[in-house]
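Count residues from 1 along the sequence.
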Amino acid sequence: MASSGGRKAILAALLANLGIAMAKFIGFLVTRASSMLAESIHSVADSGNQALLLLGGARARRPADDEHQFGYGRERYFWSFIVAQVLFVLGGVFSLYEGIEKLRHPHELESPMWAIGILLVAIVLETFSFRTAVVESRPAKGDASWVAFVRRSKSPELPVVLLEDLGALVGLVLALTAIVLAAITGNSLWDGLGTISIGALLLVIAVVLAIEMKSLLIGEAASDEDEQAIRSAIGAHPTVRHLISLRTQHLGPDELLVAVKVEFDGTLTMRELAEAIDAVEQDIRSAVPTAQRVFIEPDIRRAVAGASREIP
């Protein structure tokens, strides 16, 4: 469900950004406003980013092979990380450069009403895209805050699209404000300052995305809720005497690796132990469907300094 929701949000953002990019470029050619050029490049970068997210989703669905025996699920994290870099370079750095150039070599805006009209249309289209991302994210977000959702989501596409669309909306408002102030005051300084503000905004979003995607690429553990569900499923099995250790890691947004060390009833025969392990694996998968790779090692607790201790 998360994957399909993410795809819908990506397609909505892609269509909106393609239309917005063309409109902004026309506005730049007419007005020569640097903030319009910055926003044009921003929309082009966003369109490319959505294409990269779709590519990552398609490549992640490839089956496991001898070289990648746990599959390609992390491709989604890799391409989302690339998106953060594109947003940083093409969006943030270019906008800062263009804004500084405008401050150094100012020139009057031409036909500012064109720019204002185009930006208003772009705000409407971007609001539609942002609303789609919000609607598709709500089921995955649950009761968590939006900040917590972006930080803890294991599915990268929705947080990326959410932050991109939010940044695009704020950037459009900044560009609109800058052009209106430049037109009213006759001072193109405002246009340059607006462009620099857009660049700074994009840099902040890119850094946040890069940090989150880096964490997912390295490998994050299951959520607290999923880990507790796994512990409960193991503890509820009648042959389990103790859960010695539990380790989890996301191989992709929808695929969780679970490795556990369990003390079983010591009276079980080899056949009964094998059957118990299979049953516990099935219970774990039933409790957490994303737990597709489950490895259970039977063991016994060992006394440490005269007392029993659970291995963390």
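R131 is linked by a salt bridge (charged side-chain N to carboxylate O under 4.0 Å, His left out) to nothing, counting only residues two or more places apart in sequence or in another chain.
The two residues A206 and A84 have their closest heavy-atom pair at CB-O, 3.5 Å. In terms of heavy-atom proximity, A276 sits nearest to T239 at CB-OG1, 3.4 Å. Contact between K141 and A144 at its shortest, heavy atoms only, is NZ-O, 2.8 Å. Closest heavy-atom contact between K214 and F81: N-CD1, 4.1 Å. Pairing each heavy atom of R76 with each of A60, the nearest pair is CG-CB, 3.5 Å.
Using a 4.5 Å heavy-atom cutoff, the side chains of S223 and R152 are not in contact. By the 4.5 Å heavy-atom criterion applied to side chains, D65 and H68 are counted as neighbours. S153 is not listed as a side-chain neighbour of L158, based on a closest heavy-atom distance of 4.5 Å or more.
Not a single donor-acceptor pair under 3.5 Å links the side chain of S215 to the backbone N or O of I211. Under a 3.5 Å cut-off, the side chain of R74 and the backbone N or O of G71 do not form any donor-acceptor pair. The backbone N or O of A221 lies less than 3.5 Å from a partner atom in the side chain of K154, making a donor-acceptor pair. Distance alone, capped at 3.5 Å, places no donor-acceptor pair between the D265 side chain and the L268 backbone. Put simply, the side chain of T195 gets close to the backbone of D191: a donor and an acceptor are under 3.5 Å apart. Not one N or O on the side chain of Y72 forms a donor-acceptor pair closer than 3.5 Å with the backbone of G252.
R138 and D143 are not joined by a salt bridge, as no carboxylate oxygen comes within less than 4.0 angstrom of a charged side-chain nitrogen. Taking the charged nitrogens against the carboxylate oxygens, R62 and E75 do have a contact shorter than 4.0 Å, which makes a salt bridge.
Screening residues 278-295 for salt bridge (Lys or Arg N to Asp or Glu O under 4.0 Å), with sequence neighbours left out, gives E255-R293, E281-R285.
Between the side chains of T290 and D254, no donor-acceptor pair is found at a separation under 3.5 Å.
Within 6.0 Å of CZ on F70 lie more than 12 heavy atoms contributed by other residues, nucleotides or ligands. More than 12 heavy atoms of other residues, nucleotides or ligands lie within 6.0 Å of CZ in F149, so this atom counts as buried by the packing criterion.
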Point to revise | Check against side-chain hydrogen bond (donor to acceptor under 3.5 Å, both in side chains), S155 and E157 | key: CA-CA 6 Å; S155 179; E157 293 85 359; 3.2 Å; yes
Point to revise | CA sep, side-chain torsions, deciding dist, call: D299, E263, side-chain contact (heavy atoms from CB on, under 4.5 Å) | key: CA-CA 5 Å; D299 203 346; E263 180 182 13; over 6 Å; no
Practice item. In sequence, state the C-alpha distance, the side-chain angles, and the governing distance for I205 and L209, and then conclude on side-chain contact (heavy atoms from CB on, under 4.5 Å). Key: CA-CA 6 Å; I205 292 175; L209 285 177; 4.1 Å; yes
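Using a 4.5 Å cut-off between side-chain heavy atoms of Ile, Leu, Val, Met, Phe, Trp and Tyr, with links allowed through other members, I20 and I123 fall into different hydrophobic clusters.
Of the candidates H250, Q249, Q292, H250 is the only one forming a side chain to side chain contact (heavy atoms under 4.5 Å, CB included) with L256.
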